[in-house]
Amino acid sequence: MAYFQSKPVAGRHFLQIPGPTNVPDRVLRAMDNPTMDHRGPDFGKLGKALLEKVRHVFRTEGPVVIYPASGTGAWEAALTNTLSPGDRVLMCETGWFAHLWHEMAGRLGIVTDFVKTDWRRGADVAQIEQRLRDDRTHAIKAVCVVHNETSTGCTSRIDEVRRAMDAAGHPALLLVDTISSLGSIDYRHDEWGVDVTVAGSQKGLMLPPGLSFNAISQKALKASETAKLPRSFWDWKPMLAANATGYFPYTPATNLLYGLDAAVDMLMEEGLDNVFARHDRHAEATRRAVRHWGFEVQCAEPRHYSSSLTAVRLPEGHSANALRATILEKFNMSLGNGLGPLNDRVFRIGHLGDFGDLQLIGTLGGVEMGLRAADVPHKAGGVQAAMEYLSGNA
């Protein structure tokens, strides 16, 4: 069976969760090639060129390590390569994925200071700065921030976090999760002074799940020399040594690397600034539809709006999960569920990756038809509001 569906449905499935995203044909065709000898000379050429090319997506001159893993693995690599048991880190609870990263840190023996939010905005920069100023002995070794919180549709301002750290005169490392923002929202590893950037393949990079990334600063490399947390599979040192000649210390996900090569080419051909503008435009069109329907966006702070996804709050007494089930059953479209305390309270519309105007209108049309089918009170015409915005903002 090539593809599992619970029942035969005409037309393609609309996968509008916030990742994994739809994989473009060009990437699929690149992956659909014979597997290469990962110890042979041709692979070394591919690996060396790809490791250089992928730096442009992170906007860094430093090394980028690629693991055959999900983004969760890259979280662990970022922590274990830079920290020691008992080290303190400052984290921000912007949503479910920040919560999970915090849980991982605790299991690894790291002491966490957790800055709470209401899950309706990005990182609290003022609190970060104050806690760093209060840490006069520099016990805090790292600040960990999720750039785009996939559970809430809130984006943290990493440039402001860096300025806050500098204003506090604190030497902590800056570790940033870009799993649902890289390749979709403006991000600048070097310019913003990030020490480790965490990323995954299955969202803005337009690949299936299975690759994860650490972009690494010289300061982070220096910290890794004395970090004492156990690491083997995640160790940067053997990876960087092998990567110098284009190879990996263990079997890489060869065919996913073919796809990554094609995906990075697609991003570079469109131009990263154009990619980000496209995502900004689709996000604003989606929010206009949501507001027209009469609903709230989960993100309450406009300057923290995500361009990767929109989380939509349903009125009290209406089930977001029931709405999602109706839309899947009747219109063959998957939407993201609410996570943690947002379960059944919100649904999430993914509008990232290989995504154009007609796909967005189809997505919003499916939502609007689903609202009617599920008897959720709303004002009709949200799709029209989005079309009016898109037609004037090519």
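Residues in residues 215-226 take part in these side-chain hydrogen bond (donor to acceptor under 3.5 Å, both in side chains) pairs, two or more places apart or across chains: Asp195-Ser217. For residues 116-145, the set of pairs meeting the ring-ring contact (aromatic ring centres under 6.0 Å, His included) definition, not counting sequence neighbours, comprises His138-His170.
A search for salt bridge (Lys or Arg N to Asp or Glu O under 4.0 Å) contacts involving Arg188 returns Asp186, Glu191, not counting sequence neighbours. For Met369, the side chain to side chain contact (heavy atoms under 4.5 Å, CB included) partners are Phe331, not counting sequence neighbours. Applying the side-chain hydrogen bond (donor to acceptor under 3.5 Å, both in side chains) criterion to Thr60, with sequence neighbours excluded, gives Asp190. Residues satisfying the side chain to side chain contact (heavy atoms under 4.5 Å, CB included) test with Ala78, not counting sequence neighbours, are Leu175, Val196, Val198, Asn214. With sequence neighbours left out, the salt bridge (Lys or Arg N to Asp or Glu O under 4.0 Å) criterion links Glu270 to Arg278. With sequence neighbours excluded, no residue satisfies side-chain hydrogen bond (donor to acceptor under 3.5 Å, both in side chains) with Asn22. Among residues two or more places apart in sequence or in another chain, the ring-ring contact (aromatic ring centres under 6.0 Å, His included) test is passed with Trp101 by Trp75. Taking His292 as the reference, Lys379, Ala385 meet the side chain to side chain contact (heavy atoms under 4.5 Å, CB included) condition, with sequence neighbours excluded. His351 pairs by the ring-ring contact (aromatic ring centres under 6.0 Å, His included) definition with nothing, not counting sequence neighbours.
Glu76 and Arg107 are not joined by a salt bridge, as no carboxylate oxygen comes within less than 4.0 angstrom of a charged side-chain nitrogen. Of the charged side-chain nitrogens involved, none lies within less than 4.0 Å of a carboxylate oxygen, so that Lys48 and Asp261 do not count as a salt-bridged pair. Remark: Glu129 engages Arg133 in a salt bridge, criterion side-chain N to carboxylate O under 4.0 Å. Here Arg131 does not pair with Asp135 in a salt bridge; the nearest charged N to carboxylate O distance is not below 4.0 Å. No salt bridge links Arg157 with Glu301; every basic N to acidic carboxylate O contact stays at or beyond 4.0 Å.
Panel note: side chain Gln16, backbone Gly350; a donor-acceptor pair is recorded below 3.5 Å. Using a distance-only test at 3.5 Å, with no hydrogens or angles considered, no donor-acceptor pair links the side chain of Ser212 to the main chain of Gly71. Counting only distance, with no hydrogens or angles, the side chain of Tyr258 and the backbone of Leu28 share no donor-acceptor pair below 3.5 Å. Remark: the backbone N or O of Gly382 is paired with a side-chain donor or acceptor of Glu368 at under 3.5 angstrom. In this structure a side-chain-to-backbone donor-acceptor pair under 3.5 Å is missing from Arg348 to Val312. With hydrogens and angles disregarded, a donor-acceptor distance shorter than 3.5 Å links the side chain of Ser201 to the backbone of Pro208. Looking only at distances, a side-chain donor or acceptor of Asn243 sits under 3.5 Å from a matching main-chain atom of Tyr247. Under a 3.5 Å cut-off, the side chain of Thr94 and the backbone N or O of Gly122 do not form any donor-acceptor pair. Side-chain N or O atoms of Gln359 include one that pairs as donor or acceptor with a backbone N or O of Gly356 at under 3.5 Å.
Aromatic ring orientation, Phe295 versus His378: tilted (interplanar angle from 30° to 60°).
With contacts defined as side-chain heavy-atom distances shorter than 4.5 Å, the pair Glu149/His304 does not qualify. Looking at heavy atoms from C-beta onward, Arg324 lies out of side-chain contact with Leu328 at the 4.5 angstrom threshold. When side chains are defined from C-beta on, Glu61 does not count as touching His56, because their heavy atoms never get closer than 4.5 Å. Within the 4.5 Å cutoff, no side-chain heavy atoms of Val146 are placed close to those of Ser156. Contact of the Phe355 side chain with the Thr21 side chain is not registered, since no non-hydrogen atoms from C-beta on lie closer than 4.5 Å. Contact annotation: the side chain of Leu108 never approaches that of Leu83 to less than 4.5 Å [non-hydrogen atoms, C-beta and beyond]. For the pair Asp87/Ser84, a side-chain contact is recorded, criterion being any heavy-atom separation below 4.5 Å from C-beta on. The side-chain heavy atoms of Thr112 and Arg88, taken from C-beta on, include no pair separated by under 4.5 Å.
Between Asp118 atom CG and Arg121 atom CZ the span is 4.0 Å, to the nearest 0.5 Å. One finds the CD1 atom of Ile185 at 10.0 Å from the OG1 atom of Thr178 (value rounded to the nearest 0.5 Å). Considering OG1 of Thr245 and CG of Leu51, their distance stands at 10.0 Å, rounded to 0.5 Å. To the nearest 0.5 Å, atoms CD1 (Ile140) and CE (Met165) are separated by 9.5 Å. Between Arg26 atom CZ and Met31 atom CE the span is 15.0 Å, to the nearest 0.5 Å. Here the straight-line distance linking atom NZ of Lys116 with atom CG of Asp124 works out to 13.5 Å at 0.5 Å rounding.
Under the side chain to side chain donor-acceptor pair (under 3.5 Å) test applied with Asn148, the options Ser180, Ser184, Ser181 reduce to a single match, Ser180. Tested against Met206 for a side-chain contact (heavy atoms from CB on, under 4.5 Å), the candidates Leu352, Val23, Leu267 yield a single pass: Leu267.
Relative to the ring axis of Phe43, Arg39 does not place its NZ or CZ within 45° and under 6.0 Å from the centre.
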*Show your working on side chain to side chain contact (heavy atoms under 4.5 Å, CB included) between Asn337 and Phe347 and close with a plain yes or no.*
CA-CA 5 Å; Asn337 62 306; Phe347 66 93; over 6 Å; no
*Should His102 and Phe114 be marked as a ring-ring contact (aromatic ring centres under 6.0 Å, His included) after you check the CA-CA gap, both sets of side-chain angles, and the distance that decides it?*
CA-CA 8 Å; His102 164 256; Phe114 212 21; 3.9 Å; yes
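Side-chain atoms of Thr155 and His147 form no donor-acceptor pair, as typed in the model, at a separation below 3.5 Å. For the residue pair His189 and Thr197, a side-chain donor N or O sits within less than 3.5 Å of a side-chain acceptor on the partner. Between the side chains of Asn81 and Arg231, at least one donor-acceptor pair of N or O atoms lies under 3.5 Å. A donor-acceptor pair shorter than 3.5 Å can be found between the side chains of Asn321 and Asn343.
For an aromatic pair to be called close, the ring centres must be under 6.0 Å apart, and Phe276 with Tyr187 fails this.
Remark: Arg372 CZ is loosely packed, at most 12 non-hydrogen atoms of other residues, nucleotides or ligands lying under 6.0 Å away.
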In a table with atom names and distances, give each donor-acceptor pair under 3.5 Å that connects a side chain of residues 283-290 to protein atoms at least two apart or in another chain.
| unit_1 | atom_1 | unit_2 | atom_2 | d |
| --- | --- | --- | --- | --- |
| Glu284 | OE1 | Arg287 | NE | 3.4 |
| Glu284 | OE1 | Arg287 | NH2 | 3.0 |
| Glu284 | OE2 | Arg288 | NE | 2.8 |
| Glu284 | OE2 | Arg291 | NH2 | 3.3 |
| Thr286 | OG1 | His282 | O | 2.8 |
| Arg287 | NH1 | Ser306 | O | 3.4 |

